[in-house]
Amino acid sequence: MEMDKLGVVTTFLHGIVVYNIPLLYGTVGEITVEKSGSLNLGVEGIMAVGAIFGYLVGCWTNNLLLGILTGFLAGALCGLIFAVLTVSLQANQNITGLTLTTFGLGVYFFVGNGVKAVSWPAMNDYSSIKNGFADLAVPGLSQIPVIGQGLFNHNILVYLGVVIALAMWWYLNRTTPGLRLRAVGENPGAADSVGINVKRYKYLHICLGCGIMGVGGYYMGLNMSGSFSSSCWINGYGWIAVALVIFANWNPALAILGTFVFGFFNTLRVSGGSLAAAFPDTLGWLGTVPSQLYQALPFIITAIVLVVSSIRQKGSGQPAALGLNYFREER
Amino acid sequence: MRIHIVKRESCPIWKRLLYYLAAVAAALALGAVLLMAIGVDPVAYYWRMFTMGMVGNRIAYRAFENYLKVFVPLVVTAVALSLAFRMRFWNIGGEGQFILGAVAAAAVAFQAGPVLPQPVTLILMCLAGMLAAGLYGVLVAALKVKFGTNETLLTLMLNYVALYFLTFLAETKAGWNFFLDETSARPIFASFSSLASFPGIPIGKFSLNVCVILAFVIGALVFFYLKYTKHGYEIAVVGDSVGTARYAGMKVGKIVLRTVFLSACLIGLAAAFKVGTAGILSAAITDDVGWTGIIVAWLAKLNTAAIFLVSALIGVLQYGSTAAAATFAQVDSSFADMLQGAILFLVLAADFFTRFRVVSSGKGGKSNGNG
């Protein structure tokens with residue numbers, strides 16, 4: 001009996017990670033974009049585009065790597081649209097981002113419905129995709145009781161997400177191009193005057209960041225085994241990622257922790273009932289919390305973080321020139 | 001040869017229109033290619049969409065009534081947002097403000113509807129909607145003025161707080177939840193159309209909802225407010241330069257608070273119009289007007305008259321695609337979303353050429369150090 005209860009905890013921990021790592025991709029991607037000074041509100045749409053094309057190409061070629069690549073490229077292509085419009089053509093970032101969301105969701109459903117009408121690929125029919133997405137245990141760590149199986153026995157995209165987040169932290173904080181990128185986001189005029197090619201930095205990092213979001217979208221599709229329905233696979237994760245960027249204070253390494261926190265609420269919503277059933281004395285109240293509160297919590301917490309950090313006025317990782325276009329002739 | 005970009009002093013209106021028309025035409029052409037690829041005749045589809053299925057339809061007046069139901073909340077929301085945007089206050093919380101306004105208006109309808117005469121109930125609904133939305137908006141403005149909180153991100157977060165509050169009301173069956181239908185075992189919203197509903201003015205078979213007239217009145221008032229009042233002038237100065245406004249002795253904080261409150265109030269009014277016409281709440285009550293309104297206001301360059309025009313066109317796109325889907329089963333509303341996106345991308349691109357000129361500065365050009 002006691003073992004069963006611990007099993008519930010393990011399943012719960014496993015659920016937090018496996019269903020919420022796409023948030024980490026979205027967040028790290030958005031941090032990359034925002035560090036260049038661009039506020040891209042198109043995360044939801046970009047993830048949707050990455051999801052649908054990644055899934056279709058991955059299945060049709062029966063190759064997980066090609067799926068990941070396609071997700072990346074599809075996302076990066078959306079990023080290119082954003083970059084052309086906001087960096088070269090000086091369009092408003094908020095408007096362009098919101099349009100990208102509408103457009104991306106439109107593409108997702110248009111392509112999805114079209115493919116569904118012909119024949120929809122089911123993930124289980126594609127052995128390489130199915131096996132490639134299977135869990136791989138980390139030797140040693142996965143043997144830790146209770147948490148080992150929950151945290152260290154996951155599919156390859158979970159590990160990739162964590163590696164990307166850590167690599168991005170290292171890139172931003174420990175390399176020269178990362179330093180220059182941050183300079184572009186803080187003060188593009190000053191960066192330009194010391195010889196940094198502002199446009200090139202913005203283009204590259206917008207596309208890179210959006211590509212990472214696209215991979216996150218692909219992951220969402222795999223999580224659902226690709227079953228296509230009337231609601232989008234991304235299901236608001238893109239917007240949570242925008243919030244998570246703030247919660248993580250624009251720090252990709254902190255985003256891992258933030259993903260875990262937001263994922264915790266998300267998982268409580270889905271399987272809080274099983275925790276309540278396993279520990280009726282201590283956690284029984286979990287069953288009575290309305291699920292919408294869990295859904296709203298990431299946004300409530302982020303709103304509080306925003307307000308508190310603006311009151312404290314220091315230590316915020318928000319790039320100073322976030323959301324402002326850079327027009328060289330106006331320097 | 002090097003090229004560089006110079007700001008235009010001005011761009012003649014015909015040239016601007018030409019650019020925009022070319023952008024829309026290009027987007028429609030792209031859409032046509034896509035339609036042909038899936039075996040749909042683009043001419044027939046576009047005809048059906050832009051006429052909103054009204055040609056050769058014996059109940060075309062119904063279609064037009066429904067179109068106006070899409071148009072009114074959108075145009076009032078966009079006009080409202082333009083007030084805040086004029087001060088460069090990025091209120092992207094239209095969705096959240098609309099939701100709270102709708103919930104407050106519906107609450108009044110349920111509570112006051114049975115005891116008060118209908119016109120009084122309707123007026124109270126409007127006031128409640130305005131107050132709820134206005135307070136939700138001014139909260140952010142106050143934080144922005146006091147602490148410099150980023151209003152774009154904060155209003156974005158508050159949208160989702162309001163959204164999940166609405167879903168909570170929609171999905172929670174309880175004694176206190178008077179929004180739901182008591183006779184239904186499953187949680188569904190109750191209708192209050194018998195208690196309070198905005199009346200229509202019959203013109204032949206067609207019934208013109210008073211909200212349409214009110215929307216035009218609001219548009220005229222906002223136009224007048226911005227152009228001919230001291231408040232409107234202050235908004236313009238703050239939008240141009242906060243420094244100048246301060247130097248001129250204007251109380252910038254007060255102006256921001258007042259204008260954002262007004263902006264959010266009008267969004268609440270749009271919500272009251274919407275629920276007062278529909279006679280029922282729904283989890284998707286906003287129809288995304290909080291998002292679309294932002295795009296409309298921006299495309300119209302925050303010009304009140306242009307907002308009416310752009311809203312009317314976007315409304316045609318949205319309502320027309322639903323109408324066309326009845327005939328063309330293989331093209332659902334996702335095509336309209338894509339088309340809308342493509343149109344906006346290209347219009348944003350065209351906009352660049354109305355604001356800037358690309359000039360070449362001869363071979364070699366001026367050297368700027370690092371090439």
Side-chain angles (χ1 to χ4, degrees), chain A residues 39 41 45 81 84-86 88-92 94-96 98-114 117 195-197 236 239-240 242-243 245-246 290-303 306-307 309-311 313 318 322-323 327-330, chain B residues 4-7 34 38 90 92 140 143-144 146-150 152-154 156-172 288 291-292 294-295 298-299 330-345 348-353 355-356 369-371:
Chain A
L39 180 60
L41 296 180
I81 297 178
V84 168
L85 284 171
T86 61
S88 291
L89 299 182
Q90 302 284 324
N92 180 287
N94 293 343
I95 303 295
T96 312
L98 291 176
T99 306
L100 205 46
T101 292
T102 313
F103 179 75
L105 291 175
V107 169
Y108 170 86
F109 282 113
F110 186 79
V111 173
N113 285 326
I196 296 172
N197 190 333
W239 291 113
I240 303 180
V242 174
V245 171
I246 303 158
S291 68
Q292 295 85 6
L293 182 64
Y294 293 129
Q295 287 173 295
L297 263 177
F299 299 106
I300 295 174
I301 294 173
T302 305
L306 256 178
V307 174
S309 69
S310 67
I311 292 173
Q313 291 259 329
Q318 179 179 341
L322 184 64
F327 183 50
R328 194 172 198 190
E329 325 282 321
E330 243 174 23
Chain B
H4 69 126
I5 301 160
V6 186
K7 255 194 183 156
L34 213 55
I38 59 168
W90 275 101
I92 62 168
V140 180
L143 290 165
K144 161 104 176 169
K146 191 107 175 75
F147 305 116
T149 313
N150 183 323
T152 316
L153 297 172
L154 188 57
L156 179 68
M157 297 305 124
L158 292 184
N159 278 344
Y160 289 92
V161 178
L163 175 66
Y164 290 119
F165 173 61
L166 179 63
T167 15
F168 172 67
L169 291 180
E171 292 169 358
T172 310
D288 287 349
W291 302 123
T292 320
I294 298 170
I295 291 167
W298 193 253
L299 282 183
Q330 65 273 55
V331 194
D332 62 357
S333 65
S334 64
F335 178 76
D337 284 344
M338 254 178 2
L339 190 64
Q340 195 183 319
I343 290 177
L344 286 166
F345 286 146
L348 286 172
D351 198 43
F352 170 78
F353 295 98
R355 290 188 295 149
F356 300 94
N370 63 338

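By convention in this document, chain letters (A, B, ...) are assigned in the order of the sequence lines, proteins followed by strands, and residues within each chain are numbered from 1. These figures come from a predicted structure and were not determined experimentally.
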Would you compute the distance between atom [atom1] of [X] and atom [atom2] of [Y] and round it to the nearest 0.5 angstrom?
X       : Y       : atom1 : atom2 : answer
D332(B) : N113(A) : CG    : CG    : 4.5 Å
I95(A)  : L299(B) : CD1   : CG    : 7.0 Å
I311(A) : T149(B) : CD1   : OG1   : 6.5 Å
K146(B) : S310(A) : NZ    : OG    : 11.0 Å

Which word best sums up how the rings of W239(A) and W291(B) line up, parallel for under 30°, tilted for 30 to 60°, or perpendicular for over 60°?
-> parallel
Return the orientation label for the F299(A) and Y164(B) ring planes: parallel under 30°, perpendicular over 60°, tilted otherwise.
-> parallel
Residue that, paired with M157(B), satisfies side-chain contact (heavy atoms from CB on, under 4.5 Å) out of I301(A), V307(A), I246(A), I300(A) =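 Only one of I301(A), V307(A), I246(A), I300(A) forms a side-chain contact (heavy atoms from CB on, under 4.5 Å) with M157(B), namely I246(A).
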Between [X] and chain A, which part of the residue has a heavy atom less than 4.5 Å away: side chain, backbone, both or neither?
X       : answer
L156(B) : side chain
F356(B) : side chain
D351(B) : neither
I92(B)  : side chain
I38(B)  : side chain

What residue in T86(A), V84(A), V245(A), L98(A) has the most heavy-atom pairs under 4.5 Å with chain B?
-> L98(A)
Where is the tightest heavy-atom contact between [X] and [Y], given as atom of each residue plus distance?
X       : Y       : result
Q90(A)  : R355(B) : O-NH2, 2.8 Å
Q292(A) : T167(B) : NE2-O, 3.6 Å
A342(B) : F103(A) : N-CD1, 3.9 Å
L100(A) : F345(B) : CD1-CZ, 3.4 Å
L85(A)  : A349(B) : CD2-N, 3.8 Å

Chain B contact via [X] - side chain, backbone, both or neither, heavy atoms under 4.5 Å:
X       : answer
S88(A)  : backbone
A117(A) : neither
L293(A) : neither

Do T99(A) and I295(B) come close enough that some side-chain heavy atom pair is under 4.5 Å?
->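 The answer is yes; the side chains approach within 4.5 Å.
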Quick one: which of A162(B), G148(B), G341(B) has the most heavy-atom pairs under 4.5 Å with chain A, could you say?
-> G341(B)
D337(B): salt bridge (Lys or Arg N to Asp or Glu O under 4.0 Å) partners, not counting sequence neighbours |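 Salt bridge (Lys or Arg N to Asp or Glu O under 4.0 Å) check on D337(B) returns nothing, list empty.
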Hits for side chain to side chain contact (heavy atoms under 4.5 Å, CB included) against N94(A), two or more places apart or cross-chain, chain-then-number order -> L39(A), L41(A), N92(A), W90(B), T152(B)
